[in-house]
Structures are given as C-alpha cells and as structure tokens.
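The basis for the numbers below is simple: all heavy atoms, side chains too, and nothing from hydrogens, waters or symmetry mates. Just so it is clear, the model here is predicted, and its values are computed rather than measured.
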Amino acid sequence: MSSKPTRSREFTFTREHFVKVRDELYDYAGIVLADHKQDMAYNRLVRRLRELKLSNFDDYFTFLNSNPVEFSQFINALTTNLTAFFREKHHFDFISNTIIPEIEESNTQRVRAWSAGCSLGEEPYSLAMTLLESGINPSSWDIRLLATDIDSKVLSSAKSGIYSEDRIKNLPNMQVKRWFLKGKASHKGFVKVKPELQELLRFNYLNLMQDWPIEGPLDFIFCRNVMIYFDQNTQARLLDRMHSLLKPNGYLFVGHSEALARHASNFELVGKTIYRKVG
C-alpha cells in the first residue's frame, strides 16, 4: 500500500493515515467512514493538529492513543451535526395526531421517549413543544424525554438551549413567542428556550456501540439520520436493541433516506419513515 499523500497539503496525510482514522472511528463508535471522505477527515482533523501544535499526523495518533480526553475531540471533529427545529414536520404531526391520542385512550398519562443523535438539541426541544402544544399538562403527566449524542460539544450547546435567531426564523411567530426568550444587550441576536421545555429533557452522552443506561418501555424513539453512518450488521443490532426498549406497538422514527427499517421483520411501516414495533 502506497504512503504517498494524495495532494500537497499543510500536513502530509497518507492513505495509511486515513485508514487509521477510519478504523479508530469504527472501532469506537461503529461509524463507517467511506473512502471518498478522506479529504473531509483531513480537513476536520487538521484543526486539532494546529491547536495542539503538532508537526504531523503520526504525532497526533501517538497523542490520541496516550490521551483518552483527546478521543472526545477526535469524535467531535468527525461527526456531522445537521439539524433544525421541526425537521420533517410530519413526524411531529404523527405524535400529535396519533401517539398522544393513543396514550390518552390508555389513561396512563405517561410519556417516555428518546432522541438518539440529538445533535444541537432542536429535535428534542421540538418534541417537548409538540407534547405541550398537544394539550398535555406536565404537572399531571409523567413525562421523560431523553436526548443523547456521541458529540460532547453539541450536547453542551443543546443543554444551554441557546440559539441564534436565524435558527428559528422559519417557526411561526406565535410559537416563537410561546417557547423562546429573546436576548438583550450582549445577547442580542440570540434566543433561549423557556425553562418549561428544558425541564422535560435530560441530555446525556451516549455511544450507541456501548451500554444503553435507558429505562423502558419507551413510547417512541427518534433515531433519524443516524443509522446511515453504520454498516448493515451494526444497523441490525441497533434495531434489535431499540425494538427491545419500545413498548408493544411503540414507534420508531428514522431519517428520510433510511428505508433500512423496512427490512427488519420486527417493525412495520405505518407512515413516511415511521415504523411500529411488532412481535
């Protein structure tokens, strides 16, 4: 295998370097890094070399292997965080129109849900808004919404609930007024979600390849645009684990390009990228 770098760069980044990055990412997080992502890997990690004042990628891998804390930075650099409030709105409509009425009919007044790969927090906060806008009274309902991600940096941002105003520009004015506080003075141009939303959420770090300290049964799981990063065997294992966490007839929401759940015999398609547990 040639160690010739693919092009002239600030730092030499060989095929062997990329394979090392790819293998480390897969072994730790189960994430598959395709060959065409070599330039992306370099561009993401070169910032770490500069910040650490290292001379080359060999020194970086030595540092990575001897400093467990750096592994968090390594994972943060290589994971992608694309998110928005009420992204794929039909999922939230399904919660309002189908899931909440089903729970109300059962007279349990209990909601358990998990946002896996929650990124910067727009998804779980959208879930909280959906529940409260459905008429649920949090003082009389038992609501627990778990939001997890492998990227510790975005988790910290999600917990803060602070966003630039452009992140909410597509939300209706009434929704903005109800759920967000506008920043003033030095905080102008930013908004913060109201405490009543934050009180419903618990943000935790979670590597999907490791243990899941999650109490079921869950009413529904959002795992959208997450499984596309895993190979088919890993996807199958994740689906089995999520199936075991869901209550009978519980729901799994996946991303718009993730038709993979159709091949799982223990889930049935009930809506656009919405699946119900069977068996």
Side-chain angles (χ1 to χ4, degrees), residues 30 83 86-88 90-119 121-134 136-138 140-150 155 158-159 197-227 230 234-255 258 260-262 264-279:
T83 183
F86 293 96
R87 187 181 183 195
E88 297 181 62
H90 65 282
H91 285 168
F92 301 96
D93 292 340
F94 187 87
I95 293 173
S96 298
N97 300 328
T98 301
I99 296 181
I100 297 305
E102 287 180 353
I103 295 174
E104 289 176 331
E105 287 178 11
S106 69
N107 294 317
T108 58
Q109 293 190 318
R110 172 191 179 277
V111 180
R112 295 288 186 276
W114 174 26
S115 167
C118 69
S119 190
E122 286 99 328
E123 177 177 282
Y125 285 124
S126 297
L127 289 174
M129 287 183 231
T130 299
L131 294 180
L132 297 185
E133 288 175 359
S134 296
I136 287 178
N137 185 345
S140 58
W141 278 62
D142 181 9
I143 304 172
R144 296 185 189 178
L145 303 179
L146 173 66
T148 67
D149 204 281
I150 196 172
L155 267 179
K159 287 179 183 178
L197 293 181
Q198 291 183 298
E199 289 169 2
L200 298 181
L201 289 161
R202 179 164 53 95
F203 290 94
N204 282 343
Y205 170 88
L206 183 67
N207 180 347
L208 291 174
M209 297 299 102
Q210 298 174 354
D211 291 338
W212 297 358
I214 301 172
E215 289 186 21
L218 304 178
D219 295 285
F220 59 89
I221 296 172
F222 268 52
C223 188
R224 307 189 304 175
N225 306 307
V226 173
M227 287 184 284
F230 302 119
T234 304
Q235 291 172 1
R237 290 197 301 272
L238 291 176
L239 286 169
D240 284 343
R241 295 177 74 183
M242 286 185 281
H243 182 273
S244 66
L245 270 178
L246 286 166
K247 73 178 186 181
N249 298 314
Y251 296 93
L252 170 65
F253 297 81
V254 300
E258 295 175 313
L260 53 100
R262 294 177 188 171
S265 60
N266 49 8
F267 286 99
E268 64 175 340
L269 184 66
V270 295
K272 186 179 178 182
T273 54
I274 303 169
Y275 299 87
R276 181 166 53 205
K277 173 179 177 174
V278 296

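Note: Phe92 CZ to Thr130 OG1 = 5.5 Å, rounded to the nearest 0.5 Å. Considering CG of Asn225 and CD of Glu88, their distance stands at 6.0 Å, rounded to 0.5 Å. With rounding to the nearest 0.5 Å, the separation of CG in Leu246 from CZ in Phe220 is 10.5 Å. Atom CZ of residue Phe222 and atom CG of residue Leu146 lie 14.0 Å apart, to the nearest 0.5 angstrom. For the atom pair CZ (Arg144) and CG (Leu218), the distance works out to 11.5 Å, reported to the nearest 0.5 Å. Taken from OG in Ser96 to CG in Leu131, the straight-line distance is 8.0 Å, to the nearest 0.5 Å.
Annotation: side chain to side chain donor-acceptor pair (under 3.5 Å) contacts involving residues 241-251, sequence neighbours excluded, comprise Glu102-Tyr251, Asp219-Lys247. The salt bridge (charged side-chain N to carboxylate O under 4.0 Å, His left out) analysis of residues 200-216, with sequence neighbours excluded, yields no pairs.
A distance-only check finds no donor-acceptor pair linking the side chain of His91 to the backbone of Phe253 [under 3.5 Å]. Panel note: side chain Arg112, backbone Asp142; a donor-acceptor pair is recorded below 3.5 Å. With hydrogens and angles ignored, the 3.5 Å screen pairs no side-chain donor or acceptor of Ser115 with any backbone N or O of Ala147. For Gln235 (side chain) and Phe230 (main-chain N/O), a donor-acceptor pair under 3.5 Å exists by modelled atom type.
Under the side-chain contact (heavy atoms from CB on, under 4.5 Å) criterion, Glu122 pairs with Thr83, Phe85, Leu120, Tyr163, Arg167, not counting sequence neighbours.
The closest side-chain heavy-atom distance from Glu199 to Pro138 is not below 4.5 Å. Under the 4.5 Å side-chain criterion, counting only non-hydrogen atoms from C-beta, Leu252 is in contact with Leu239. Under the 4.5 Å side-chain criterion, counting only non-hydrogen atoms from C-beta, Leu197 is in contact with Leu132.
Taking each heavy atom of Tyr275 and Val254 in turn, the nearest pair found is CE1-CG2, 3.5 Å.
Aromatic ring centres of Phe203 and Tyr125: separated by under 6.0 Å.
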